[in-house]
Every structure is written in C-alpha cells, then in structure tokens.
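Before any comments, here is the structure.
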Amino acid sequence: MSVRVRFAPSPTGFMHVGNARTALFNYLFAKHNRGKFILRIEDTDLERHSEEAVKVIYEALKWMGIKWDEGPDVGGNYGPYRQSERREIYKEHIEKLKEKGLVYECFCTTEELEKMRKEQLERGEPPRYTGKCRNLTEEEKEKLRKEGRKPVLRFKVPKDRIIKFKDLVKGEIEISSNQLGGDFVIVRSNGMPVYNFVVVVDDALMEISHVIRGEDHISNTPKQILLYEALGFKVPQFAHLPMILGSDRSKLSKRHGATSVKEFKEKGYLPEAFVNFLALLGWYPKDGKEVLSMEELIERFEIKDVNSAPAVFDTTKLNWLNQVYIRQYPLNKLTELTIPYLKKAGLNPENFPREWLEKVIGVVREYFTTLSDAPKYAELFLRDDIEIEPEALKFLQEEPKRVEVIKLFYEKLKGLNGEIEQESFKALVKEVGKELKAKGKNLFMPIRIGITGKTSGVELPILAELLGKERLIKRLERSLSQLKEIA
RNA sequence: GUCCCCGUCGUCUAGCCAGGCCUAGGACACCGGCCUUUCACGCCGGCGACGCGGGUUCGAAUCCCGCCGGGGACGCCA
C-alpha cells in the first residue's frame, strides 16, 4: 500500500507551532516511507478564509523546507485541494447518506441548543443532543419551515456501539457510541457541510493512508469512523500526536509568548534549527543524535518512536540548536540572512565590501544565538562613531595610567609602517606595556575601550586586523578627544 | 460533570511492549573548574527524576489494581 498523508490546516492567518510540528511529522513520515505529502486547505468556514491567510501557510511551510507533492497551487490527481471548491463532491455524498436514511433534518436553533447544553451541564450531565428532531413528521417539519427555520442535517449515531481503532501513537482506543454527544451535525443550515464530514470525504477520496494529526482530534475520530463506514469508505490508519504545552502545562497558546512560525523567523531563528527543534518535541531518534538535518530526520523518523506524553514548549534548547546551526552555516548564506537585521539596527552593511563583511560575520557568529543578536556584535565593526560606555569610562578614570596606555598606543600605531595585522598589533601592545610598565587588565582593557568604547567583545587582534590601521586611528582619536572633554 | 489521553532530572527524552545488564543513560539549562590578560566558544566535573499506595515476583521505572495529579474533548470551529 502506498503511503499518502496530508496536512490540512485551516487558514487562520498564522501558522501555530503545533500545526508546524504536525506538518513536519506528516512530511517526515511520508518521505521516510517514500510516500506523498499532500496539502489541503480546510476553509469550509467561509467567513474565516482569506487568500492572504493561505499564503501564510505556504510561506511557513516553504521556510521550514517542507515541500508538498499535491496541493492547491501545485495541483495533483485528487483535486481540488481546497474544501471551499469541493462543494459538489460533498453534496454527492450527502445524498448517499440521505438515501440510506442515515441522516435527518433538525430544526433546533443555536439558542435552543445552547440552553439545553447549559441545563445539562448544570444537572451534572454530559452535554449532548437528545435526538429531539429525529422522528419529526412531514407536517411538523413543514410547520417549522414556515416559521422560517432552516434545518441542519444530523447523522444518526447508532446506540451501544463500541468503536475501536488502533492509534499508531497511543495504541488501542475504544469508546462507546453513546459517549459521542448524540447525533451530530454534518451540514449547517446554510448548506455548508461541517469539518467532521468533509474531512472524511476528502481523506477517503484523496486516498489518504495515514491520518496524522494533533491529539485534540482523538474525540473526533470515532465520529469520523462512523462516517467512513456509513459512506462505504475504507478507514485509514490514525496517529495522534501529543499536545504541545506551555510552561504552565496547558495547551500552548498566544499568551505563552511566541507561538507562530513567523515570529520565530523574525526573531532570527534559522529554519534548520527550528525544524530540528520541532522534531525533537515528542520524537526521539533511536541513535540519540540530536543535531539532525532534514535528510537525517527523514532517514530516522519512525512514527512508533513518537512519545505519547505531551511536551512542554521550552525554547532554551532551540536557542542552543540555533547557535549550533549559526556556527556551521555557509558563511555567504548566513551573511545574506544577517544583513536585514543589521539594517534594522541602523547599521549600513552595504557600505562595506561583501568579502570583508563575510569575514566580520565569520568572527561574530561565534557570539550570537539568534540573527537579531548580530547587530550587537557587528556594530563594533560597522560604525566608527563610538561612544565610551559609562562603565568603561569609570574603569579608565580609576587609574590615570590607563589613559596613558591609549595615548601611547595611538602614537605608536600612527608611526607604524604599512597595514596592521594580528601579529604587528600584538607586538605594538607589548611595546606599550613595556614602556609604561602596564600589564594584564591595565594594558588590554584601555586599548579595547579606546577602540570600541566597550569593556568586552571579540578578540582584539582580530578586530584590529579587520578594522585596519586607518579606522583604528580614527577611533582612537575620537575616544581620546572624548576623554579630554570630560577631563 | 462525562468520556478520552497522559504522568522518568527544571525542560526535551532513553529505558517500559518481551521484569534483573538501572546504585535510571543522554541532551539542553543551571552551578563549579580549566582555557582565554575580558566576554563568548571549547574542555572537564557537579547538581538533578521513576506522582503516591497496594499487589504479583527471588527481583518492578518496567506487569496488575486503586488513588492522586495534569491535559484534552464534549460547537451549525477546524
């Protein structure tokens, strides 16, 4: 049997990390089994659907490196891939159920149903539809219609049936049909069929072999199995992924902070790190290797290794992974991705030769965890109008000799023949130290401050070489004049 | 309330199905040391968990029962 899985998000305008993980696991499962990964847009609820929102889904998946074999934009033999375009197909199958006498019209209004639910809850009963309209006569229906009521279509849930299915993650699950909340709606009063119905029709017609989705769908599964059977379809295999929780162990939501894929992209996480992190949320490779590329993930991914317990979404590990990926990323690509962050911080990376910029990124990448940290470190290289930080100033003022160190270093640098590089820089510092009898912190820190205005940063010789003599001199002059003003 | 799912270090997890190799392993975080005349990186080390109670067994994180705790679902949302 060939493997066909689908990711079927509803276009809400943002891609939640939970959805992203569902997509990823579907993708990994499909590719591991040389199967197809299908994208289907669940937009039956018309009011909520918009073109823009569909684009958000495409972009998130693309960013993550997930490619779909069939979908609304790329086509395929099982289309259309948008539920809003499949109405005729649904109609056909609804007719089938009508003919079999498995559905009936229900005229209860939303308010009536809500009231009923509330009362049931107050009595401590589970909320359920009582089947009030199940045996309406034609005359009664006519009367209700005349009142202006538009009926919904409900599916007749059989009594006392135990519905069983083998979940690939959770194991055997069984539930009584009496527990389903009564006859459920499959067509709204406006004629649009409801999720539980269309998902069955679509999955069956698209020949989906494995339905892999979030755990919150477990309670829908028995209803859907009933529909598969009623429609004469083969029931697919199910796999319900554990929930992703917030730090307080409740379902992850916006109040827990960043939860959309876009936010992670904007914060400067690399897609490879993000995907790697998501994969580790509820799944673990047999060989224990944790830093894995998409190819390596595909190679190792087994649905049976998915943990059945929910996972807390904690980004500390993501941060670590991002650091790892930043350090091993191709330098030209990393530079490309970093430039927008530098610009946003008011720096002008374009004023410098690309080759030189890459060298700079190559040095500072060791220091940052996300791309948005880049300006903080790259600033040292990209702007010369530095100001001495208060902390640094305090350090210099504690000991007059410290300022002398800067002055002498400046003089010596000016007298230097040719361009400066790491070795000559070190030699120069050494000379200054000898002449002024300064060493350790008293020697290096003033020079650092003279050049950068800060008390910490990248290694001085490297910084000096990349900056070059001319810029070093300019910076030292600037710092010196700042010190003079204060004195 | 009812049903369903889940419960191993702070977090992600390995081990559980096929009980002894588990004085419970790894990763991240945290703490300490080394390296670096700063910070970071790197290296070394440390802290730290089987929810509780019964039972079965020579032996239980692993099997059984109960309890407790957490989560989810109960929509003309998906």
Side-chain angles (χ1 to χ4, degrees), chain A residues 8-12 19 42-45 47-48 83 106 108-110 113-114 117 120-129 150-154 167 169-171 173-176 178-182 184-196 198-199 213-222 240 242-243 245 247-251 277 280-286 288-291 304-305 307-321 323-324 327 364-369 377 395 429 433 439-445 448-449 454-460:
Chain A
S10 102
T12 56
N19 278 131
E42 310 236 311
D43 54 356
T44 59
D45 193 13
E47 290 161 39
R48 281 164 63 178
Q83 291 184 331
C106 165
C108 299
T109 63
T110 315
L113 292 169
E114 211 156 289
R117 256 194 295 275
Q120 287 166 331
L121 239 22
E122 271 163 18
R123 269 179 271 140
E125 291 169 18
R128 64 192 309 275
Y129 178 68
K150 289 231 163 67
V152 299
L153 220 52
R154 284 186 186 269
D167 191 280
V169 172
K170 304 276 179 185
I173 295 177
E174 53 174 81
I175 185 169
S176 164
N178 303 338
Q179 243 16 92
L180 263 31
F184 54 90
V185 173
I186 61 164
V187 181
R188 299 185 177 93
S189 53
N190 67 5
M192 198 59 187
V194 114
Y195 166 78
N196 268 325
V198 298
V199 77
R213 65 207 336 178
E215 190 178 9
D216 44 348
H217 284 286
I218 284 186
S219 50
N220 285 323
T221 308
H240 287 97
M243 274 314 50
L245 273 28
S247 47
D248 60 354
R249 297 208 155 259
S250 68
K251 194 179 178 183
F277 171 68
L280 260 17
L281 227 50
W283 173 81
Y284 204 76
K286 273 273 163 288
K289 192 179 178 220
E290 293 190 323
V291 179
K304 66 171 168 52
D305 294 334
N307 196 167
S308 57
V312 171
F313 189 77
D314 178 351
T315 52
T316 49
K317 200 161 194 163
L318 171 61
N319 287 334
W320 168 71
L321 276 168
Q323 266 180 64
V324 170
R327 293 199 184 108
V364 298
R365 63 147 79 159
E366 302 292 327
Y367 295 82
F368 56 77
T369 42
Y377 298 97
F395 177 83
V429 173
K439 58 179 181 176
K441 232 178 174 177
N442 285 326
L443 173 60
F444 283 82
M445 200 52 93
R448 172 179 295 285
I449 295 168
K454 292 178 169 44
T455 53
S456 69
V458 303
E459 279 181 56
L460 278 180

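Computed from a predicted model, the values in this text were never measured in an experiment. A, B, ... follow the sequence lines: proteins, then strands. Residue 1 opens every chain.
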With rounding to whole Å, what would you report as the distance between B/C16 and B/C76 at their P atoms?
44 Å

Distance check, P atoms only: B/C28 and B/G42, in whole angstrom units.
9 Å

Answer yes or no: side-chain N or O of A/S219 and base N or O of B/C74 forming a donor-acceptor pair under 3.5 Å.
no

Applying a 3.5 Å limit to both distances, which nucleotide forms a Watson-Crick or G-U wobble pair with B/C35?
none

Non-neighbouring partners of A/H240 that pass ring pair (Phe, Tyr, Trp, His ring centres under 6.0 Å), sequence neighbours left out:
none

Could I get the full list of ring pair (Phe, Tyr, Trp, His ring centres under 6.0 Å) partners for A/Y129, not counting sequence neighbours?
none

Rounding to a whole Å, what distance do you find between A/Y195:OH and B/C76:C1'?
16 Å

Can you find a donor-acceptor pair, distance only, under 3.5 Å between A/E114 side chain and B/G75 base?
no

Across all strands, who's sitting opposite B/G48 as a Watson-Crick or G-U wobble pair, both distances under 3.5 Å?
none

Sugar-phosphate, base or nothing in reach of A/H217, heavy atoms under 4.0 Å:
base

Examine distances only and state if a side-chain atom of A/D43 and a backbone atom of A/Q83 form a donor-acceptor pair shorter than 3.5 Å.
yes

Output for pair (A/M445 CE, A/T455 OG1), nearest 0.5 Å, gives 5.5 Å

Could you give the CG-to-P distance, from A/N220 to B/C4, as a whole number of Å?
16 Å

Applying ring pair (Phe, Tyr, Trp, His ring centres under 6.0 Å) to A/F368 and not counting sequence neighbours gives none

Which nucleotide sits closest to the side chain of A/A311: B/G70, B/A78, B/U13?
B/U13

Rounding to a whole Å, what distance do you find between A/R213:CZ and B/C4:P?
18 Å

Between B/G66 and B/C22 - P atom distance, rounded Å
32 Å

I need the CG-P distance between A/N319 and B/C30, as an integer number of Å.
10 Å

Which nucleotide in the list B/C6, B/C76, B/G72 gets nearest to the side chain of A/P310?
B/C6

Euclidean distance for P, B/C35 against B/A40 (whole angstrom)
15 Å

For B/G69, which nucleotide is its Watson-Crick or G-U wobble mate, given both distances must be under 3.5 Å?
B/C6

Letter per nucleotide, 5' to 3', of nucleotides 38-50 of chain B [B base touched, S only sugar-phosphate touched, - untouched; heavy atoms, 4.0 Å]
BBSS---------

Tell me if a side-chain donor or acceptor on A/K170 pairs with a main-chain N or O of A/S308 at a distance below 3.5 Å.
yes

Distance in Å, A/F313 CZ paired with A/F277 CZ, rounded so as to fall on 0.5 Å steps:
4.5 Å

Determine which nucleotide pairs with B/C58, using a 3.5 Å limit on both distances of a Watson-Crick or G-U wobble pair.
B/G20

Would you classify A/G214 as touching base, sugar-phosphate or nothing, given that sugar-phosphate means primed atoms plus P, OP1 and OP2, and contacts are heavy atoms under 4.0 Å?
nothing

Before you tell me yes or no, could you show the steps for A/K454 and A/R448 under side-chain contact (heavy atoms from CB on, under 4.5 Å), namely the whole-Å CA-CA distance, both residues' side-chain angles and the distance that decides it to 0.1 Å?
CA-CA 7 Å; A/K454 292 178 169 44; A/R448 172 179 295 285; 5.8 Å; no

Of the listed B/C6, B/C76, B/U13, the closest approach to the A/N307 side chain comes from B/U13

How long is the line joining CG of A/D248 and P of B/G71, in whole Å?
8 Å

Of the listed nucleotides (B/C6, B/A27, B/C76), which one gets closest to any side-chain atom of A/S189?
B/C76

Nearest to the side chain of A/L121, heavy atoms from C-beta on, is which of B/C6, B/G1, B/C12?
B/G1

Mate of B/A27 where both pairing distances stay under 3.5 Å, Watson-Crick or G-U
B/U11

In whole angstrom, give the distance that lies between atom CG of A/N178 and atom C1' of B/G1.
17 Å

Out of B/U13, B/A73, B/C12, which nucleotide sits closest to the side chain of A/Y284?
B/U13

List for me each residue that meets salt bridge (Lys or Arg N to Asp or Glu O under 4.0 Å) alongside A/D216, sequence neighbours excluded, and say none if there are none.
A/K251

Side-chain N or O of A/K251 versus OP1/OP2 of B/A73: is the shortest distance under 4.0 Å?
yes

Compare the minimum distances between each of B/C5, B/C76, B/G71 and the side chain of A/I173, then state the nucleotide with the smallest one.
B/C5

Please give, in whole Å, the distance from B/C12 C1' to A/L280 CG?
7 Å

Using the P atom as the point on both nucleotides, what is the distance between B/G15 and B/U62, in whole Å?
15 Å

P-based separation of B/C5 from B/U23 [nearest Å]:
32 Å

Between B/C5 (P) and A/R249 (CZ): distance, integer Å
19 Å

Quick note, A/Q179 side chain, CB onward, closest among B/U2, B/C76, B/C4 is B/U2

Between A/V169 and A/M243, whichever has its closest RNA chain B nucleotide further toward 5' is A/V169

Taking only side-chain nitrogens and oxygens of A/R117, does any of them come within less than 4.0 Å of OP1 or OP2 of B/G75?
yes

G-U wobble or Watson-Crick pairing nucleotide for B/C74 (cut-off 3.5 Å, both distances)
B/G1

Counting side-chain heavy atoms from C-beta on, which of B/C76, B/A27, B/U2 comes nearest to A/V152?
B/C76

Distance between the C1' atoms of B/C30 and B/G10, in whole angstroms?
9 Å

Closest-nucleotide mapping onto RNA chain B: is A/V429 or A/P242 further toward the 5' terminus? I mean the 5' end.
A/P242

Hey, what's the ring geometry for A/H217 with A/Y195, parallel, tilted or perpendicular (30° and 60° as the breaks)?
tilted

From the set B/C28, B/U11, B/U2, return the single nucleotide nearest to any side-chain atom of A/D314.
B/U11

Listed partners of A/R249 passing salt bridge (Lys or Arg N to Asp or Glu O under 4.0 Å), at least two apart:
none

For nucleotides B/C58 and B/G33, find the distance between their C1' atoms and express it as a whole number of Å.
46 Å

